*Asks:* 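I'd like to ask you about the structure that follows.
Just so you know, these numbers use all the heavy atoms, side chains as well, and skip hydrogens, waters and symmetry mates. Since the model is a prediction, treat every value here as computed from it, not as a measurement.
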Amino acid sequence: LDADADGTLYVAGQFMDVVEYTGTNGVKGEISSPNSISAFIAKVSKDGKFEAVKTFTSVTDETIASAVGDPWGDGFESPLYSSWDPIYVAPNNIQIDGDKVYVSAKYTGDVKELGWEGSYVDVFGMMYSDNYSYGVLSLNKSDLSDAKSIATVQNTELVSYDQFYPEALNFVAENGTVYVGFFGFGNLTLATPAGNKDFTFGISADESGNKEHAFVLATIGSDVNAKVFNTEMHAK
């Protein structure tokens, strides 16, 4: 959560199914999340009244799902897997800056309202799995409207055999500039409205499991800049 100088709270979290919330004034509301674990952002006055609630839900890309064929030739289509668990949007940080609320989240599937695409991995040509990705979004502080994507970080090849992904991400915002830090391995792309940056971090070809696990610090404003902090290849 984060708070304004006047005590207004801005809270981000995760929920599934149907959830009821109640303010101190007794006013109730409901939010629902069909077929996935979704994110919510709530604006709550200093005396406990809900002023606005916004949700984000991810969905499976049906084009990807329908591409899963009949590998055994027996008329039975393979089951569809999405990271072996329900798809989700999971916030990990929220911050107020100026008249905006910024939220970062880990996600699988497609968050269509933000234009966030999932990163789907082909599993032996029989089924698919979701690689997880990270994103940062902004909302108007006044009413949590006008949701916009600030950045995503994910596998460079959105549909591939390669299970590359960012392992963690966080951010801070100051005067409209967003500073994003993340680390991961393989081929990753930082995509922003101001431009994209591609990164290739080493993965060993032997059985050691060694990966580069590099760290990236990026600034996102009218343009995007990034600095890479490399590491030695290691397995842990």
*Asks:* Go through the steps to decide whether Val178 and Thr219 satisfy the test side chain to side chain contact (heavy atoms under 4.5 Å, CB included), and finish with yes or no.
*Replies:* CA-CA 6 Å; Val178 178; Thr219 62; over 6 Å; no

*Asks:* Heavy atoms, side chains only, cut-off 4.5 Å: are Val19 and Asp17 in contact?
*Replies:* no

*Asks:* Quick check on Glu20: does its CD atom have over 12 non-hydrogen neighbours (other residues, nucleotides or ligands) under 6.0 Å away?
*Replies:* yes

*Asks:* How many angstroms lie between CD1 in Ile94 and CG in Asn92, if you round to the nearest 0.5 Å?
*Replies:* 11.0 Å

*Asks:* Given side chains that start at C-beta, do those of Leu137 and Phe56 come closer than 4.5 Å, heavy atoms only?
*Replies:* yes

*Asks:* Out of curiosity, Ile150 CD1 to Ser138 OG, how far, rounded to the nearest 0.5 Å?
*Replies:* 4.0 Å

*Asks:* If we ignore angles and hydrogens, is there a donor and acceptor under 3.5 Å between the side chains of Trp116 and Ser133?
*Replies:* no

*Asks:* Under 3.5 Å, is there a donor-acceptor pair linking the side chains of Asp47 and Ser45?
*Replies:* yes

*Asks:* May I ask you to decide if Asn175's main-chain N or O and Asp97's side chain share a donor-acceptor pair within less than 3.5 Å?
*Replies:* yes

*Asks:* What's the shortest heavy-atom distance between Asn155 and Ser119, and which atoms?
*Replies:* CB-OG, 3.3 Å

*Asks:* So, for Ala235 and Asn210, which heavy atoms are closest and what is the spacing to 0.1 Å?
*Replies:* N-OD1, 3.2 Å

*Asks:* State, with a plain yes or no, whether a side-chain heavy atom of Glu157 is found less than 4.5 Å away from one of Asn187.
*Replies:* no

*Asks:* Are more than 12 heavy atoms, taken from residues, nucleotides or ligands other than Gln14, located less than 6.0 Å from that residue's CD atom?
*Replies:* yes

*Asks:* Taking the six-membered ring of Tyr10 as reference, does the NZ or CZ atom of Lys43 fall below 6.0 Å from its centre and within a 45° cone about the axis?
*Replies:* no

*Asks:* Say whether Asn140 and Ser142, considering side chains only, have a donor N or O and an acceptor N or O under 3.5 Å apart.
*Replies:* no

*Asks:* Tell me whether Leu1 is reachable from Ile31 by hopping between hydrophobic residues (I, L, V, M, F, W, Y) whose side-chain heavy atoms are closer than 4.5 Å.
*Replies:* yes

*Asks:* Is Lys46 paired with Asp4 through a side-chain N to carboxylate O contact shorter than 4.0 Å?
*Replies:* no

*Asks:* So, Ser104 versus Asn93: side-chain donor-acceptor pair below 3.5 Å or not?
*Replies:* no

*Asks:* Can Thr8 and Val44 be said to form a side chain to side chain contact (heavy atoms under 4.5 Å, CB included), step by step?
*Replies:* CA-CA 6 Å; Thr8 301; Val44 187; over 6 Å; no

*Asks:* I'd like to check the side-chain contact (heavy atoms from CB on, under 4.5 Å) partners of Ile203; sequence neighbours left out, ordered by chain and number.
*Replies:* Phe164, Phe185, Lys211

*Asks:* If the test is side-chain hydrogen bond (donor to acceptor under 3.5 Å, both in side chains), which one of Thr189, Thr200, Asp198 qualifies with Thr156?
*Replies:* Thr189

*Asks:* Donor-acceptor pair, Gln95 side chain versus Tyr102 backbone, under 3.5 Å?
*Replies:* no

*Asks:* What's the shortest heavy-atom distance between Ser204 and Gly209, and which atoms?
*Replies:* OG-N, 3.9 Å

*Asks:* Are Lys227 and Phe229 in a cation-pi setup, meaning NZ or CZ lies under 6.0 angstrom from the ring centre and within 45 degrees of the ring axis?
*Replies:* yes

*Asks:* OH/Tyr179 to CG/Asn225 distance, rounded to the nearest 0.5 angstrom?
*Replies:* 10.5 Å

*Asks:* Who are the side chain to side chain donor-acceptor pair (under 3.5 Å) partners of Asn196, not counting sequence neighbours?
*Replies:* none

*Asks:* Under a 4.5 Å cut-off applied to non-hydrogen side-chain atoms, are Phe15 and Thr55 in contact?
*Replies:* yes

*Asks:* Test Gln154 against Leu188 for side chain to side chain contact (heavy atoms under 4.5 Å, CB included), laying out the working first.
*Replies:* CA-CA 5 Å; Gln154 59 187 169; Leu188 302 178; over 6 Å; no

*Asks:* Between Leu144 and Val111, is there a shared hydrophobic cluster once you connect ILVMFWY residues whose side-chain heavy atoms come closer than 4.5 Å?
*Replies:* yes

*Asks:* If you measure from the Lys or Arg side-chain nitrogens to the Asp or Glu carboxylate oxygens, is any gap between Glu113 and Lys54 under 4.0 Å?
*Replies:* yes

*Asks:* Anything under 30° is parallel, anything over 60° is perpendicular, the rest tilted; go ahead and classify Phe182 against Phe199.
*Replies:* perpendicular

*Asks:* Please determine whether residues Val224 and Val228 belong to a single hydrophobic cluster, defined as Ile, Leu, Val, Met, Phe, Trp and Tyr linked transitively by side-chain heavy-atom distances below 4.5 Å.
*Replies:* yes

*Asks:* Honestly curious: do Leu190 and Val136 fall in one hydrophobic cluster under the side-chain, below-4.5 Å linking rule?
*Replies:* yes

*Asks:* Is there side-chain contact between Tyr88 and Lys106, with heavy atoms separated by less than 4.5 Å?
*Replies:* yes

*Asks:* Please name the pair of heavy atoms, one in Val180 and one in Leu169, separated by the smallest distance, quoted to 0.1 Å.
*Replies:* CG1-CD1, 3.6 Å

*Asks:* Any chance you could lay out the side chain to side chain contact (heavy atoms under 4.5 Å, CB included) test for Val59 and Lys112, step after step, and finish with the verdict?
*Replies:* CA-CA 8 Å; Val59 297; Lys112 291 189 173 180; 3.7 Å; yes

*Asks:* Return yes when atom CG of Asp143 has more than 12 non-hydrogen atoms of other residues, nucleotides or ligands closer than 6.0 Å, and no otherwise.
*Replies:* yes

*Asks:* Please confirm whether the ring centroid of Tyr21 lies under 6.0 Å from the ring centroid of Phe50.
*Replies:* yes

*Asks:* Are any side-chain N or O atoms of Asp130 and backbone N or O atoms of Tyr132, one a donor and one an acceptor, separated by less than 3.5 Å?
*Replies:* no

*Asks:* Which residues satisfy the side chain to side chain donor-acceptor pair (under 3.5 Å) test with Thr57, sequence neighbours excluded?
*Replies:* Ser38

*Asks:* For residues Phe201 and Val216, determine if any side-chain heavy atom of one lies less than 4.5 Å from a side-chain heavy atom of the other.
*Replies:* yes

*Asks:* With the side chain counted from C-beta on, respond yes when Asp146 and Leu139 share a heavy-atom pair under 4.5 Å apart, and no when they do not.
*Replies:* no

*Asks:* Pick out which of Asn131, Asp61, Asp110 makes a side-chain hydrogen bond (donor to acceptor under 3.5 Å, both in side chains) with Tyr120.
*Replies:* Asp110

*Asks:* If I compare all heavy atoms of Val89 with all of Tyr107, which pair ends up nearest, and what's the gap?
*Replies:* CA-CB, 4.2 Å

*Asks:* Do you know which two heavy atoms are closest between Val103 and Ala12, and how far apart they sit?
*Replies:* CG1-CB, 4.3 Å

